[in-house]
Amino acid sequence: MSVHTVTASPAETCAPGRAARELGLKRSELDLAARLGRIRTVPDEGGGGRRVPRAEIDRLSAEPGFPEALRESVRTVGTREAAELMEVAPTRFTRFARAGLVVPVTFYLNRYRAVVWRYLADELRAFAAAPEHAGLLHGPTPRTLRGPLAAGLDLRARNWRGRHLGFLLRQAEGPWQRAGVLASLLDPVHIAEVVPDPYERAHLGRFRPVPPGHGTPGSPAALLAERIATADDPDEIAWLRADLTHALREARDERPAPRPATTATALPALPSPAVSPAAPPGERPPERGRLRLPGWLRRGGT
C-alpha cells in the first residue's frame, strides 16, 4: 500500500490552499509538487480530497533555501524557455520532445485550442548537463531519429500519459482504485472488451479519476483534453489492457463487485380465460356480453 494513503485528523493537516500559502507556492505548483512526490499528502477523512500534513509543511520550511528552492523545483517552462535553458534552437528542442528524449509534465490549451506542453526546468538542466547528450545538443540529429521524426513520430502525449499514470497510481489505495486508474486511460470500447460484466464495469467506473480539467465539460477544449488523456498507440493500449486485467483479478479476489439480489418473487397464477361451450353445428354461437332474445321477439312478434 502506498505511503500516501495514511489518514490524519484535520487538526494535523492543512487544506491545499492554505498549505500552498504557507509554502509560498501557487495552488497549481503545490498540486504539481504533490503529484511529483515532492510534497506528501494524505486523504481527507471526510472524503474532501487530499490534505497536507502539518509535519510535512514544517519539514519543507526547515530545508535550506526555502521557499525559493522549493518553488524552483516545480518550475515549468514552455518550448521557447526550454530551448533557451538548453541553449538550442526551439525547433531542435521540439524534435527532442517529439522523440521522447524530454517528457512533458503538464499541458494546457491556449485560446486557439492549441496544446502547449510544459516541462520541468530541473529536468531540462540535468539533460543539458549530461556529457552523453553533448552530441544531441550541438551535432546533427542522429539517423535513428531522423526517419521516425520525418514520418510523424510524436511521443509527447504518450509520454505525458505515462507520467500522469504514475501520479495517479501512487495515490491509489487498493486494487479497485488501481484498476480504475488504468481504465481512465482507455476508451469505453476497450474497457467493455476487458470488463464484459456490466456490474463490474459500473463498479469500476466509481474509481476512475476524471481527466484533467480543461474547459467546460462537453466543450471542444474539454473533448480535446480528454482525447489527449486517452491511449491511442497500439502498444500502449495493449499493456494498459494487460495491466487492467491483472488489477481486476486482484480486485475480484479482495472484494467482488456488488450485484443486485437474484431472488425473484413468485407471481400468483392468473385465472384462465372462460371458454364458451361450442355451439351446435349450423347455429351461430351467442355473442359474449349481449342478451340473446327469443325468436319471436327478434322477428318483431307481439
My understanding is that only residues two or more places apart in sequence, or in another chain, count here; which of them pass ring pair (Phe, Tyr, Trp, His ring centres under 6.0 Å) with H203? W176, F207
With sequence neighbours left out, write down each residue that passes ring pair (Phe, Tyr, Trp, His ring centres under 6.0 Å) with H133, or none if nothing qualifies. F127
Main-chain N/O of [Y] paired to [X] side chain as donor or acceptor, under 3.5 Å:
{"X": "R75", "Y": "A121", "answer": "no"}
{"X": "S184", "Y": "V181", "answer": "yes"}
{"X": "R146", "Y": "T141", "answer": "yes"}
{"X": "E29", "Y": "K26", "answer": "yes"}
{"X": "R51", "Y": "P43", "answer": "no"}
{"X": "R92", "Y": "L136", "answer": "yes"}
{"X": "R118", "Y": "T76", "answer": "yes"}
{"X": "R50", "Y": "T41", "answer": "yes"}
{"X": "R170", "Y": "R35", "answer": "yes"}

Let me confirm one number: the [atom1]-[atom2] distance from [X] to [Y], rounded to the nearest 0.5 Å.
{"X": "L153", "Y": "L145", "atom1": "CG", "atom2": "CG", "answer": "8.0 Å"}
{"X": "E236", "Y": "R158", "atom1": "CD", "atom2": "CZ", "answer": "5.0 Å"}
{"X": "W117", "Y": "T106", "atom1": "CH2", "atom2": "OG1", "answer": "9.0 Å"}
{"X": "R98", "Y": "L155", "atom1": "CZ", "atom2": "CG", "answer": "9.5 Å"}
{"X": "L30", "Y": "E22", "atom1": "CG", "atom2": "CD", "answer": "11.0 Å"}
{"X": "L169", "Y": "Q177", "atom1": "CG", "atom2": "CD", "answer": "11.5 Å"}

So the salt bridge (charged side-chain N to carboxylate O under 4.0 Å, His left out) pairs with at least one residue in residues 182-205 (sequence neighbours excluded) are E193-R241, D197-R259, E200-R252
Less than 4.5 Å apart, any side-chain heavy atom of V52 and any of I57? yes
Quick one: do E250 and R178 make a salt bridge, cutoff under 4.0 Å? yes
Would a hydrophobic clustering, with Ile, Leu, Val, Met, Phe, Trp and Tyr connected at side-chain separations under 4.5 Å, put V77 with V115? yes
